[in-house]
Amino acid sequence: MPELPEVEVTRRGIAASIEGALVHDVRLGKPLRWPLGAPSRALRGTVVGPVQRRGKYLWLPLRAGDQDRGGLLVHLGMSGSLAFEPRPGPPGVHDHFDLVTSVGTLRLTDPRRFGAVLWSPSLVQPPAARLLARLGVEPFDAAFGGMHLWQGFRRRRTAVKTALLAGDVVVGAGNIYASEALFRAGIDPRTPCARLSRARCERLADALRGTLAEAVEHGGSTLRDFRDAQGHSGSFQLQAKVYGREGEPCEICATPIRRLVQAQRSTYFCPHCQRR
DNA sequence: ATGGGTACCTGTCTGC
DNA sequence: TGCAGACAGGTACCCA
């Protein structure tokens, strides 16, 4: 599910409810990707600080009085969503983590359990630091632009779609938004990174930012699982120009959209509008 | 160093 | 109707 827009929509959705909440307890369901890494008694009595996002991770800082108590690093994996429930019902079969607080419960629902919640003493110490170390720049940072992409890509031979997914040059694009951004930029997803000119990197940087920003405005994409913190679906999938549209006519030129497989993932593109 | 394949897990849809 | 197989928004890890 969740690429940068879905994670950002989630962050905004939970922030107002959970910030300042007093943690009463933690409930764990079936195991997620990693163990929590802290006994629940260590979390009780802490207060949740401002929720941050880094790439597709969320960070919930915890304090007790003036003491820093680290925080929770949350990843939604492929099928996860977080909901804030003022009066939660009993957990369902796919509800694998509850943060029970004074004002309600933050609940992670994740059928495939590729998601994770883990405690870390800070973002710059393990285990969080280890997971964040390989992440590229944020697409909405001033440091990101065509120049950054060009420098990150110029010694790479892999296909540009695969490199966007890898997230070590720029974070945020997953399988949907990588295809969509490349369509907007008019770049064939199979193009080797090193072949992209400065000018095309500029176009790609703009396209990526534009696509992600628009997706956030639409509440993200809901293919099946994704829900925001209030349980609403996103609608960006209705704006998608190529993703999931194999065989349908391109909006620009009416050529049928094609699907191919790169690194075991589907890529969608217009063979006429997108050039190497 | 880079790049590819595999693994994790469950649900849904398609075609026979 | 049943069942096998493909596919689904991510990414850490192992190997060449």
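Numbers restart at 1 for each chain; the letters A, B, ... are given by sequence-line order, proteins then strands. What you see below is based on every heavy atom in this structure, not just the backbone, and it leaves out hydrogens, waters and symmetry mates.
- Within the structure, salt bridge (Lys or Arg N to Asp or Glu O under 4.0 Å) contacts touching residues 142-157 of chain A (residues at least two apart or in different chains) are A:R156-A:D168.
- Stem analysis of DNA chain B (Watson-Crick or G-U pairs, both distances under 3.5 Å, runs of at least three) returns B:2-8 with C:10-16, B:10-16 with C:2-8.
- Between A:K30 and the phosphate of B:dT10, there is a side-chain N or O to OP1/OP2 separation shorter than 4.0 Å.
- The P atoms of C:dT11 and B:dG11 are separated by 22 Å, rounded to the nearest whole Å.
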Task: Verdict with reasoning, A:F153 to A:L164, per side chain to side chain contact (heavy atoms under 4.5 Å, CB included) - done: CA-CA 10 Å; A:F153 282 174; A:L164 283 178; 4.3 Å; yes
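- In terms of the salt bridge (Lys or Arg N to Asp or Glu O under 4.0 Å) criterion, A:R265 has no residue partners (sequence neighbours excluded).
- For the ring pair (Phe, Tyr, Trp, His ring centres under 6.0 Å) condition, the pairs that include at least one residue of residues 50-104 of chain A, sequence neighbours left out, are A:Y57-A:H75.
- Surrounding CD of A:E251 are at most 12 heavy atoms belonging to other residues, nucleotides or ligands under 6.0 Å away.
- No option in A:L72, A:L82, A:V117 other than A:L82 meets the side chain to side chain contact (heavy atoms under 4.5 Å, CB included) test with A:L58.
- Following chains of ILVMFWY side-chain contacts shorter than 4.5 Å, one can reach A:L36 starting from A:V74, so the two form part of one hydrophobic cluster.
- The stretch residues 105-119 of chain A comes close to DNA chain B through A:P111, A:R112, A:R113, A:F114, each having a heavy atom under 4.0 Å from the strand.
- Every pair passing salt bridge (Lys or Arg N to Asp or Glu O under 4.0 Å) that includes a residue from residues 47-62 of chain A is listed here, sequence neighbours excluded: A:E8-A:R53, A:R53-A:E138, A:R54-A:E138.
- Listed pair A:H75 / C:dT11 meets the phosphate criterion, a side-chain N or O lying under 4.0 Å from OP1 or OP2.
- Qualifying ring-ring contact (aromatic ring centres under 6.0 Å, His included) partners for A:Y268, counting only residues two or more places apart in sequence or in other chains: A:Y243.
- Using a 4.0 Å cutoff on non-hydrogen atoms, the parts of residues 124-131 of chain A near DNA chain C are A:R130, A:L131, ordered by number.
- Grouped with A:L260 in one hydrophobic cluster are A:F269, the linkage being side-chain heavy-atom contacts under 4.5 Å among Ile, Leu, Val, Met, Phe, Trp and Tyr residues.
- Residue A:Y57 places at least one side-chain N or O under 4.0 Å from the OP1 or OP2 atom of C:dA12.
- Here the closest heavy-atom approach between residue A:A263 and residue A:T162 is recorded as CB-CG2, 4.1 Å.
- A close approach under 4.0 Å does occur between a side-chain nitrogen or oxygen of A:S266 and OP1 or OP2 of C:dA8.
- Counting only N and O atoms by type, the side chains of A:R227 and A:S233 include a donor and acceptor under 3.5 Å apart.
- Using a 4.0 Å cut-off between a side-chain N of Lys or Arg and a carboxylate O of Asp or Glu, A:D206 and A:R209 qualify as a salt bridge.
- Here C:dG10 presents its C1' atom at 10 Å from CH2 of A:W34, a figure rounded to the nearest Å.
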Open item on the list: Protein within reach of the bases, or only the backbone? For nucleotides 1-7 of chain B, mark each nucleotide 5' to 3' as B, S or -, using heavy atoms under 4.0 Å.
Closed with: --SSBB-
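- Not counting sequence neighbours, the partners of A:R184 by the salt bridge (Lys or Arg N to Asp or Glu O under 4.0 Å) test are A:E214.
- The separation of B:dT6 from C:dA6, taken at their P atoms, amounts to 14 Å, rounded to a whole angstrom.
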Between protein and nucleotides 14-16 of chain C, what N or O pairs are separated by less than 3.5 Å?
none

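- Closest of all the heavy-atom pairs between A:L165 and A:A178 is CD2-CB, 4.4 Å.
- A:T211 and A:E180 form no side-chain donor-acceptor contact under 3.5 Å, judged by distance and modelled atom types alone.
- Within the structure, every side-chain polar atom (N or O) of A:H94 is placed at least 4.0 Å from both OP1 and OP2 of B:dC9.
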